[in-house]
Q: 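Pasting a structure below so you can have a look.
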Amino acid sequence: MTLFPRKLEEWYKTFTKEERNWLIIALIIALIMSTTTLTWHALDREHQVPVETMEVAPDVFMEKAMRFSMEYAGKVIPEGVDIYLAGVQFRWIPKELKLKKGVTYKIWISSGDVLHGFSLLGYDGTVYNVMVMPGMAYAVNVKFDKTGVYEIRCNEYCGLGHQYMIGKIVVVE
Ligand SMILES: [Cu+2]
């Protein structure tokens, strides 16, 4: 079989009407998405996720989270105390955080082993999503305006027990 090079006209065809219309629609969507993203970034500084990052060895962070977990087990975490939350196959340490309503807390999140995801959904539609990489800690500022129980879910597939990786935030008066 012999291959013949194609002529330039065979490669470059002018747009059909449908192709041109789709291109215009795609450009409009891209424009709307970039505008809303930039506007949100400028207007809502408090909900930027994460607000801070730092490098940390997984075992060092795990120890911090374990110590924090033991110190505040069953207790309401006071205002101004930084929270340390570690994701590890297949649980969160601590598995439950008791927080006060209306108080802004800084939660440091990291992983003790593989890649995890921190996903927190609020009743008011607030969503926090952070990718949790081992070796990095991410700070997220959270504030709850309503009491109740909020779930922390791992949103990055991390192994066979991934679906059981559910933490809890209990917000009290
Ligand atoms: Cu997971």
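All ligand and atom numbering here is 1-based and tracks the order in the structure. What you see is a predicted model; the values in this text were computed from it and never measured.
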Q: Please find the N/O/S atom of His162 nearest to the Cu ion (ligand 1) and write down its name.
A: ND1
Q: Short check: any N/O/S atom of Cys154 below 2.8 Å from the Cu ion (ligand 1)?
A: yes
Q: Would you check if Phe61 and Pro134 make a side-chain contact, meaning some heavy-atom pair closer than 4.5 Å?
A: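 Side-chain contact under 4.5 Å: no.
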Q: I want to check something: taking the side chain as every heavy atom from C-beta on, are Gln89 and Val114 in contact at a cut-off of under 4.5 Å?
A: yes
Q: Do the side chain of Tyr72 and the main chain of Pro94 share a donor and acceptor less than 3.5 angstrom apart?
A: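 No: the side chain of Tyr72 does not pair with the backbone of Pro94.
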Q: Grab the two heavy atoms, one from Trp92 and one from Ile109, that are nearest each other, plus how far apart they are.
A: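 Smallest interatomic distance, heavy atoms only, reads CZ3-CG2, 4.3 Å.
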Q: Please note down the angle at the Cu ion (ligand 1) between O of Glu156 and SG of Cys158, to the nearest 10°.
A: 110°
